Amino acid sequence: MCLGIPGKVIETYRENDVLMGKVDFSGISKRVCLEHVHGVQPGEYVLVHVGFALSRLDEAEAGRVFALLEEMNQFDELKIPLADEPGVG
Amino acid sequence: MKYVDEYRDGGAARKLATAIAHTVTRPWTIMEVCGGQTHTIVKSGIDRLLPPQVELVHGPGCPVCVTSLEMIDRAHAIASRPEVTFCSFGDMLRVPGSRGDLLQLKSQGSDVRVVYSPLDAVNLAAARPERQVVFFAIGFETTAPPNAMAVWMARKRRLTNFSVLVSHVLVPPMITALLQAPGNRVRGFLGPGHVCTVMGTGEYEPIARRYRVPVVVTGFEPLDLLEGVFRTVRQLEAGRAEVENQYARAVRDEGNPASRRLIEDVFEVCDRKWRGVGLIPKSGFKLRYEYRDHDAERRFEVADIETQESSLCISGQILKGLKKPHDCPAFGKECTPQSPLGATMVSAEGACAAYHAYGRHLAVYSGRPRGGAENAPLRGRPLNRGAGP
Amino acid sequence: MAADDSLAVTPFGSCPLPKSRYDHILLGHGSGGQLTADLIQRLFLPGFANDVLGALEDQATLRDCRLQIADCRLQIGSSNLQSAICNLQSGWVAFTTDSFVVRPLFFPGGDIGRLAVHGTVNDLAVGGARPMYLSAAFILEEGLPLVDLQRIVASMRAACREAGVALVTGDTKVVDRGKGDGVFITTSGIGLVPEGRSLSIHAARPGDRILVSGTLGDHGIAIMSVREGLEFETVLESDTASLAGLTEAILEACPSTRCMRDPTRGGLSSALNELAAASRVGVELDEAAVPLRPEVRGACEMLGLDPLYVANEGKLIAVVPPEDAERVLAAMRAHPLGRNAALIGEVVAGHPGMVILRSRVGGERVVTLLAGEQLPRIC
């Protein structure tokens with residue numbers, strides 16, 4: 001559940017004593033509450049759910065699935081047929 | 001889109017699907033917990049990329065679907081009042097209660113509005129002091145911080161015309177209830193990625209240990225789900241039952257401490273009735289006594305209503321992963337998104353609704369037995385992308 | 001879907017009204033999806049019963065109504081003699097009607113008046129007609145500021161001029177405050193379908209290619225972005241435009257174009273599903289080929305909306321024979337309204353009546369008609 005998408009923080013400001021920010025999603029920007037990602041800086045990415053930033057996105061961790069895929073290149077070398085070719089699945 | 005597009009790469013997806021095919025040696029039933037994960041799976045056709053031994057069953061991870069009939073009826077009663085401006089997330093509007101859904105109420109003249117964020121409802125209350133603004137605060141733990149923030153802000157700004165109707169539900173008690181149910185076939189879980197950004201991963205350790213099930217906390221993009229399945233299958237094949245974090249780019253093991261503190265301040269755990277499943281003890285949040293002034297149930301004194309769920313509907317069995325939508329005799333016939341009989345058809349994220357939206361009830365899928373044929377392409381050949389004959 | 005066709009006494013006589021769970025009209029009945037289709041099939045078509053209406057094209061080509069128009073221009077020669085060059089064109093009358101209830105009345109990129117002119121012109125143009133005359137009937141709500149109405153009229157006049165049509169007749173009514181939404185506009189349009197042209201949604205054949213003239217979802221998201229409760233900080237503009245020039249360019253490049261459609265409410269999905277059903281063919285769509293503006297994509301991701309279901313007001317799809325696809329694509333891209341034109345799919349013999357999409361990830365799914373109104377989701 002919980003539709004959350006990554007957005008880039010453009011600016012931060014305080015409103016009613018709560019940390020808010022303008023967050024960009026591919027050119028669309030929206031006001032988002034940043035109170036629970038204190039210390040986030042413009043240029044960083046946050047995960048946004050219903051106008052609220054739940055967490056900051058970690059660039060280093062984001063590459064993990066691709067590291068896993070690198071390990072899997074061994075399958076290419078063994079020339080094993082891929083999922084949508086005859087003989088598999 | 002950064003952090004999105006990379007996780008939708010077709011080549012990488014095929015590699016992961018192949019890796020899964022080469023790791024699996026016997027059948028495994030895995031459940032993805034979140035409705036959003038179900039949505040991606042069905043929308044991208046991921047389950048059809050998996051080898052036949054891996055069966056994905058869809059969990060009751062859709063807070064919209066599992067909101068109890070009584071709660072919808074209470075919402076209906078409150079929203080019918082002329083002084084009330086009833087604000088809700090969009091997909092809640094179509095959930096049928098005993099006397100219809102909120103969309104129908106709107107068509108009859110009630111002031112029912114869609115908001116994107118609970119904070120918008122607070123701002124509305126501040127802008128319209130003459131109205132009683134009520135926000136329908138549903139969701140899993142993911143939505144608890146924004147809902148809590150809305151209540152906290154309303155109190156801070158002394159908004160006497162703002163209240164919330166709370167129906168939060170919690171994931172770990174639900175998973176536990178599922179694992180304890182007779183006939184359970186689920187051997188591993190793709191854990192709720194966004195819930196864990198808030199709550200952390202620790203709650204799933206005792207579950208993994210006690211029931212010997214791997215829990216891989218997974219994201220929502222196609223590659224996340226494929227990697228989640230791969231890691232789960234890898235554990236199952238090796239006889240391991242641990243909590244792993246596939247969604248580490250967003251989830252920290254400790255979750256979000258600031259969010260957890262606010263949730264603790266505003267909400268407390270209570271028993272909750274889940275539509276289609278029944279009462280699960282200590283599986284929900286309600287407003288703490290200190291915030292009672294913003295509790296819509298108190299303010300509007302809504303009485304309980306007896307509920308009758310359709311006897312045709314097998315939502316309960318679907319929510320527990322015992323049956324698939326197309327196993328239901330009513331699926332696509334008496335029960336459709338326009339006329340849902342039960343929980344899993346009501347919201348776009350419910351398994352039945354997702355299946356229906358993506359045409360799984362249609363002839364092109366019928367007559368395919370479980371096993372390899374289920375994952376065969378719908379058409380015989382790849383899409384012709386070239387212009388010209 | 002279970003339909004209990006019980007006879008009911010209605011203003012239409014003994015027209016059977018199906019038993020539906022809704023006693024009132026819902027917003028979903030106007031969304032261009034399943035509910036709209038049901039209302040048309042179960043109430044309007046049986047109610048009015050005639051073949052022309054039953055074909056459900058965007059405009060009605062009245063093939064028992066021939067038209068000859070004289071398109072005359074004066075030429076002034078060197079000796080001050082005037083002569084008239086008259087172009088006699090003959091063909092059939094095309095006739096369409098439409099109504100416009102958009103809220104807010106003024107939105108980025110346009111207003112209800114501009115939308116009304118473009119929408120009517122486009123209904124005619126996609127059927128291969130040259131739009132000529134419009135009518136406009138206004139239902140005004142008591143209390144509407146006159147300056148708003150003036151703005152709308154000025155906007156319509158400019159749009160008519162751009163589209164080369166004349167608004168020749170109209171009507172005005174006023175309703176009590178609270179009984180309208182400011183302004184409702186109902187239009188009709190008349191055009192000429194030149195002799196020899198015959199486009200129809202029943203004409204698609206396996207092998208045909210499906211082209212789209214540009215980015216999808218712009219209008220629907222622009223409207224949503226200024227609606228209360230969903231405001232964005234960024235201003236997104238509607239794509240509302242008159243497509244008459246583009247359709248002529250397409251038909252010049254390929255006279256045997258099967259059909260064109262403008263995917264308004266219900267989006268691309270409705271247009272393709274209607275095509276598949278009418279021509280009894282299947283449609284295969286390539287998700288990666290569908291052009292989207294990044295902002296529209298961002299908004300859809302954020303709200304959990306599918307761009308395939310979002311309305312467009314300045315775009316069209318064209319179904320053309322495979323050997324003509326390259327040429328038509330080039331002609332579209334040469335036109336200002338077709339710069340982002342793309343080949344997005346193909347007509348097939350398999351799975352008739354069904355639209356199947358191949359996702360970026362390599363999986364597939366069926367693109368079904370929108371159930372009700374598309375609502376932003378939380379999960």
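Keep in mind that what you see is a predicted model, and the values were worked out from it rather than measured. Quick note on labels: first sequence line is chain A, next is B, and so on, each numbered from 1.
Only the side chain of Leu47(A) comes within less than 4.5 Å of a heavy atom in chain B; its backbone stays farther off. Contact of Leu57(A) with chain B is made through backbone and side chain together, with heavy-atom distances under 4.5 Å. For Asn123(B), the part lying near chain A is the side chain, with the backbone staying farther off; criterion is any non-hydrogen pair under 4.5 Å. Looking at Arg261(B), neither its backbone nor its side chain comes within 4.5 Å of chain A, counting heavy atoms on both sides. Proximity to chain A (any heavy atom under 4.5 Å) is shown, for Asp224(B), by neither the backbone nor the side chain.
Between chain A and the residues Ala248(B), Ala258(B), Pro146(B), the largest count of heavy-atom pairs under 4.5 Å involves Pro146(B). Among Leu262(B), Val251(B), Asn256(B), Asn147(B), the residue making the largest number of heavy-atom pairs under 4.5 Å with chain A is Asn256(B). Interface check for chain A: of the options Lys156(B), Glu32(B), Lys2(B), the most heavy-atom pairs under 4.5 Å are formed by Lys2(B). If you tally non-hydrogen atom pairs under 4.5 Å between each of Leu119(B), Leu223(B), Leu16(B), Val4(B) and chain A, the highest count goes to Leu16(B).
With a 6.0 Å radius and a threshold of 12 heavy atoms from other residues, nucleotides or ligands, Arg14(A) has its CZ atom above the threshold.
Taking each heavy atom of His36(A) and Ser259(B) in turn, the nearest pair found is ND1-OG, 2.7 Å. The shortest non-hydrogen separation linking Leu124(B) to Cys87(B) is CD2-SG, 3.7 Å.
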message = Let's go through Tyr247(B) and Tyr7(B) carefully: what are the C-alpha distance in whole Å and the side-chain angles of both, what is the deciding distance for ring-ring contact (aromatic ring centres under 6.0 Å, His included) to 0.1 Å, and is it a yes or a no?
response = CA-CA 12 Å; Tyr247(B) 197 28; Tyr7(B) 298 94; 8.5 Å; no

- Message: For Phe162(B) and Phe135(B): C-alpha separation, side-chain torsions, deciding distance, then whether ring-ring contact (aromatic ring centres under 6.0 Å, His included) applies.
- Response: CA-CA 8 Å; Phe162(B) 179 80; Phe135(B) 179 70; 7.2 Å; no

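Of the residues listed (Thr142(B), Thr197(B), Thr143(B)), the one engaging His49(A) in a side-chain hydrogen bond (donor to acceptor under 3.5 Å, both in side chains) is Thr143(B), and it is the only one.
Contacts between residues 17-26 of chain A and chain B, defined by a heavy-atom separation under 4.5 Å, are made by Asp17(A), Val18(A), Ser26(A).
Under the side-chain hydrogen bond (donor to acceptor under 3.5 Å, both in side chains) criterion, Glu244(B) pairs with Arg231(B), Gln235(B), sequence neighbours left out.
For the pair Arg31(A) and Tyr13(A), the cation does not sit on the ring face, since its NZ or CZ is not both under 6.0 Å from the ring centre and inside 45° of the axis.
For Phe220(B) and His194(B), the gap between ring centers is short of 6.0 Å.
The pair Lys8(A)-Glu44(A) does not count as a salt bridge, with every side-chain nitrogen at least 4.0 angstrom from each carboxylate oxygen.
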